Amino acid sequence: MSAAPRGKRVLLALHPSDELEAALEHAAALASELQSELAALFLEDQALFDLCELAAQEVSRGTGALRPLEAAALERHFRATAQAARSRLEQVATEQRISWSFEVRRGRLGEAVSAAAQEATLVVACRSAFGAGVGRQARTAGPVAVLLEGGPGEAATLDAAAKTARRTGARLIGLSTRPRPAQEAAALIEQAARAGAALELRAADDGDSRGVALALAEIAPRLLAIDARGTAAQSGLAPHLVAAAGSDAILVSSD
Amino acid sequence: MSSIKALEAHALRRTCDFGDLAFRTTDELPPFEGVLGQPRAMEALRFALEMRRPGFNMFVLGSPGTGRHAIALRALQSQAAQEQPRDDWAYVYNFTTPHRPVALRFPAGQAHDFRRDMERFIESLGAALPALFQSEEYRTRRRLLEDEYRERQERAFTELQEEAQRRSLTVLRTPTGFVVAPTANGEVMQPDVFRRMPESVRKQFEADIREVQNRLQQVVQAAPDWESEFREKVRALNHEMAEATVSRLIAPLRERWSELEPVRAHLDAVKKDLIESADEFLPREPQNPIEAAAQALAPPGAPTRGLRRYGVNVIVSHDLGDGAPVVTEDLPIQPNLVGRVEHVQEMGALVTDFMLIKAGALHRANGGYLMLDALKLLQQPFAWEALKRALRRRIIAIESAAQMMSLVSTVSLEPEPIPLDVKVALVGDRELYYLLSRFDTEFNDLFKVAVDLDDEMERTPESVADYARLIATIARRDNLRPLQRQAAARVLEESSRLAADQDKLSVRMTRMADLLREADWFAAGAGASEIEATHVDQAVAARERRFGRIRDKAQEAILREMHFIDTDGAKVGQINGLAVWEFGAASFGRPTRITARVRMGSGEVIDIERRVDLGGPLHSKGVLILSAFLGAHYAADRPLSLSASLVFEQSYGGVDGDSASCAELYALLSALSGLPLRQDLAVTGSVNQHGDVQPIGGVNEKIEGFFDVCRARGLTGRQGVLIPAANVRNLMLRPDVVEAAAAGRFHIYPVRHVHEGIELLTGRPAGERQPDGSWPEGTVNRLASDRLAAFAEERRRFGSLARAAETGESQ
């Protein structure tokens with residue numbers, strides 16, 4: 001099956017972070033595979049500008065020194081980072097021969113990503129775009145994880161994850177929020193195989209958000225695929241799961 | 001009349017008959033081994049070759065064409081063949097001081113073995129180490145370290161985040177750091193909400209924020225230490241994993257090369273470095289565009305730059321059966337002598353390493369012999385100094401001229417100098433040897449042995465026989481036709497002519513070998529199977545013709561009476577002198593008119609050539625000597641009241657040498673005595689203050705020069721040349737001159753004293769001084785003496801008148 005019909009968009013949600021490059025490559029590869037346009041959305045965290053009004057202090061990532069958080073400096077840094085991301089996107093898109101666009105938008109991160117997911121077939125987001133993963137190293141190794149919630153978008157999400165696993169040579173681990181009957185499990189494995197990946201199917205010990213988060217932390221994936229129409233995304237849990245997984249994420253729309 | 005007898009024809013050229021040496025052609029003669037006519041030089045060569053002390057290098061000096069290079073090279077090769085080859089040398093990487101590559105010495109033939117061993121070793125490592133680092137054990141242990149490091153970071157941030165959450169705070173990421181923010185309902189608090197809060201709550205928030213910020217700072221500041229710790233653990237893991245593999249693979253090498261301590265030490269350094277940098281064997285992505293481009297441009301299969309340092313650059317190697325090396329360097333520029341460090345262009349920059357060190361001639365000759373042409377060596381900038389420095393210090397240090405002159409500041413290599421033990425043979429001209437000996441203070445210490453090659457050898461029955469065998473050897477070596485006995489005799493006679501001595505043979509074998517080749521060419525043209533005497537004569541004549549353009553032009557000028565030379569009659573104060581002109585390889589004699597005029601004067605003989613700077617010092621010396629002769633001979637007891645002038649008529653170039661002083665004296669005596677001199681005779685010879693005629697050079701060419709003019713005008717049977725009697729042994733005249741003399745149509749007169757010569761030239765006796773000091777009436781001396789006496793009287797009279805005039809004026 002095809003996860004994304006022709007003409008759909010792959011949306012890349014970006015926020016200044018170490019994972020920006022990896023997310024960009026994931027998105028470009030998926031867009032190329034799906035023959036979709038790659039639309040990059042560079043997010044400026046509104047919360048940071050709000051904090052400027054409260055005379056907040058910033059701790060330097062390099063030295064640990066304290067300095068005032070200033071809106072002008074923030075804007076300057078966002079602009080420079082966005083420019084660099086745009087150039088990199090242009091380069092990657094040219095190499096992959098895909099059409100692309102680049103937009104800068106300011107907003108609350110989790111909300112912005114969720115809103116963006118409504119506009120695209122598939123959203124690739126670096127985890128910092130969810131406002132998660134502060135202080136962690138970008139993970140470049142590990143399996144590709146896919147959250148299997150049994151919803152209507154599950155097949156498309158698994159397909160996108162399987163293709164990413166095949167492309168990166170990573171293992172593919174499916175984390176089901178509930179135990180699956182053997183026949184259902186076999187169908188999922190067969191679907192992944194058709195996309196070129198061997199699916200390892202696991203079930204979370206506890207299907208609630210905490211259990212899923214613990215299971216994702218244990219898997220420590222390099223990328224987490226979530227159904228954009230699924231329960232986790234719709235209930236606003238996606239940022240927490242991404243934080244627990246410590247990885248970038250793709251939100252896959254089944255439209 | 002003169003009592004001098006013309007020389008018999010047989011005295012004019014010493015022919016060769018080979019005596020008892022029986023052969024029809026040179027094919028019947030055994031080959032000649034060795035060096036002909038150089039016993040002194042060969043003794044010096046043997047001495048230099050066997051004397052293995054510093055400084056006993058040799059300078060082989062001799063004239064071009066004496067076979068200097070061939071003789072020296074043959075001697076060096078002969079000696080070297082009896083010796084064992086010396087050491088092999090290789091340069092390897094210096095792991096402690098990379099810019100000073102280490103020189104490793106190996107027994108002959110083993111350097112390449114070591115290089116191959118190292119190549120195989122690195123190849124084995126190339127397979128074993130990547131496998132090691134891809135093993136499950138390594139990957140698991142490395143992942144554990146990575147997890148530990150990541151978890152440490154995450155734990156710190158998680159705890160921090162949890163602490164923040166307990167205080168209703170959160171940590172956000174900014175483009176350049178982190179910020180702690182108050183939250184409400186899990187979201188970052190809006191500024192207006194925060195401001196509306198009671199002051200006490202706000203202050204509590206602010207205190208909490210400061211506290212979390214402090215902890216955040218501690219975490220951030222600790223992060224680099226954690227990373228260092230992580231990297232150190234990874235390094236230790238790599239070290240541990242690599243050590244076992246490297247030790248296992250290098251053990252056989254250490255065992256094999258255990259007897260060579262420096263090699264073993266190098267292997268230990270290699271092992272240590274490999275263990276510390278084992279990850280260079282892992283395939284890795286380029287870290288920057290430059291590395292990426294370098295990888296893309298590298299030839300397939302080329303070792304990475306890092307692995308090159310385990311290579312072995314063999315700069316000198318020998319085979320056991322080779323004997324000691326004998327090296328000649330035809331282009332002795334400084335880098336070709338002491339070696340050089342080459343560079344390669346890499347990404348727009350010139351880079352180098354120890355694998356680009358190239359050996360020089362000194363490296364290749366080390367432990368053996370090096371032969372160089374002295375002139376070529378001295379013509380190359382820095383080469384002579386480099387050679388001397390190497391011999392003086394007894395090491396080969398690779399230094400570029402640019403480094404020596406401090407012209408470049410580019411970082412380059414300073415390869416470890418190599419001990420030098422070489423015997424150097426310089427080959428060059430005598431002049432060069434004497435110049436170096438005089439002006440280079442180090443030369444005599446560094447080149448203690450002069451191998452002085454003679455230009456000629458005694459002509460004895462034994463040497464003639466050897467010479468014939470040498471001719472036979474050259475003919476066989478060059479695939480020439482065999483020479484008939486008479487042809488070989490002609491060659492020997494030509495050799496004596498080249499030596500300009502009836503009792504000598506020239507050992508300038510290059511010229512003689514050329515003569516054989518040229519005669520062979522004529523033999524081939526005649527369809528002869530053997531070289532005959534006529535072919536040799538044709539070759540000699542053809543050579544003279546080839547080089548004879550200027551000679552013919554000079555003779556043409558005489559015959560057309562553009563250049564005045566009389567060959568009959570008699571004239572006062574005029575004589576035919578003889579000069580030798582040399583143009584490159586050609587030399588020929590040519591008559592030149594010398595005239596003298598006398599008048600009363602104060603004893604001065606004016607050398608007109610000297611006055612106009614056309615006369616050289618030797619010519620001036622000759623004129624002064626004849627002046628002294630005149631004064632002592634005729635005016636011992638009174639002032640020499642003569643003013644005379646001498647000139648080489650129609651001479652517009654320089655004149656030097658004293659070989660015309662005899663002729664000049666005859667011209668002066670003629671001018672004084674008023675007696676005409678025979679113009680059908682020409683004169684050569686120098687004179688001393690007693691009137692003795694002394695030998696000169698180029699006697700054959702001079703005689704032949706006058707003979708050619710006379711023959712062209714028609715030989716009268718009275719014409720001839722007066723030569724110093726001491727030069728008779730130098731006569732090796734052309735056969736046509738000898739034939740004319742034998743027929744009484746041309747004469748060579750040996751003269752011992754000017755009295756003999758003046759009698760022949762004037763037809764008057766010179767006159768012997770009588771007991772009263774006077775000369776007999778009618779003799780040349782009497783006439784000359786009377787003329788001088790008359791000049792003296794006139795001078796005295798003029799002196800009296802002058803004094804009287806002065807006295808009158810004063811009164």
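Just so we're clear, the structure is a prediction, and the values are computed from it rather than from any experiment. Basis for what follows: all heavy atoms, side chains included, without hydrogens, waters or symmetry-related copies. All chains are named by letter (A, B, ...) in the order of the sequence lines, taking the proteins before the strands, and each is independently numbered beginning at 1.
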Check your understanding: Do the non-hydrogen side-chain atoms of B:E243 and B:I275 ever get within less than 4.5 Å of each other?
Key -> yes
**Study point:** Neighbour count >12 (heavy atoms, 6.0 Å) for atom CD, B:E199
**Key:** no
Study note, to complete from the structure: Residue from B:Q218, B:Q221, B:Q213 scoring the most non-hydrogen pairs under 4.5 Å with chain A is B:Q213
**Study point:** chain A interface, residue from B:L160, B:V188, B:D192 that has the most non-hydrogen pairs under 4.5 Å
**Key:** B:V188
Study note, to complete from the structure: When the 4.5 angstrom heavy-atom criterion is applied to B:R210 and chain A, the contacting part is neither
Exercise for review: Specify whether B:F230 and B:Y149 have parallel, tilted or perpendicular ring planes, treating 30° as the upper limit for parallel and 60° as the lower limit for perpendicular.
Suggested key: parallel
Practice item. State whether the number of non-hydrogen atoms from other residues, nucleotides or ligands found under 6.0 Å of B:R195 atom CZ is greater than 12. Key: yes
Exercise for review: Could you tell me which of B:I209, B:V179, B:T176 has the largest number of non-hydrogen atom pairs under 4.5 Å with chain A?
Suggested key: B:T176
Review point. Is it the side chain or the backbone of A:A73 that comes within 4.5 Å of chain B heavy atoms, both, or neither?
Key: neither
Review point. Does atom CZ of A:R67 have more than 12 heavy-atom neighbours from other groups under 6.0 Å away?
Key: yes
Practice item. Count the heavy-atom pairs under 4.5 Å between each of A:L74, A:L69, A:L66 and chain B, then report the option with the highest count. Key: A:L66
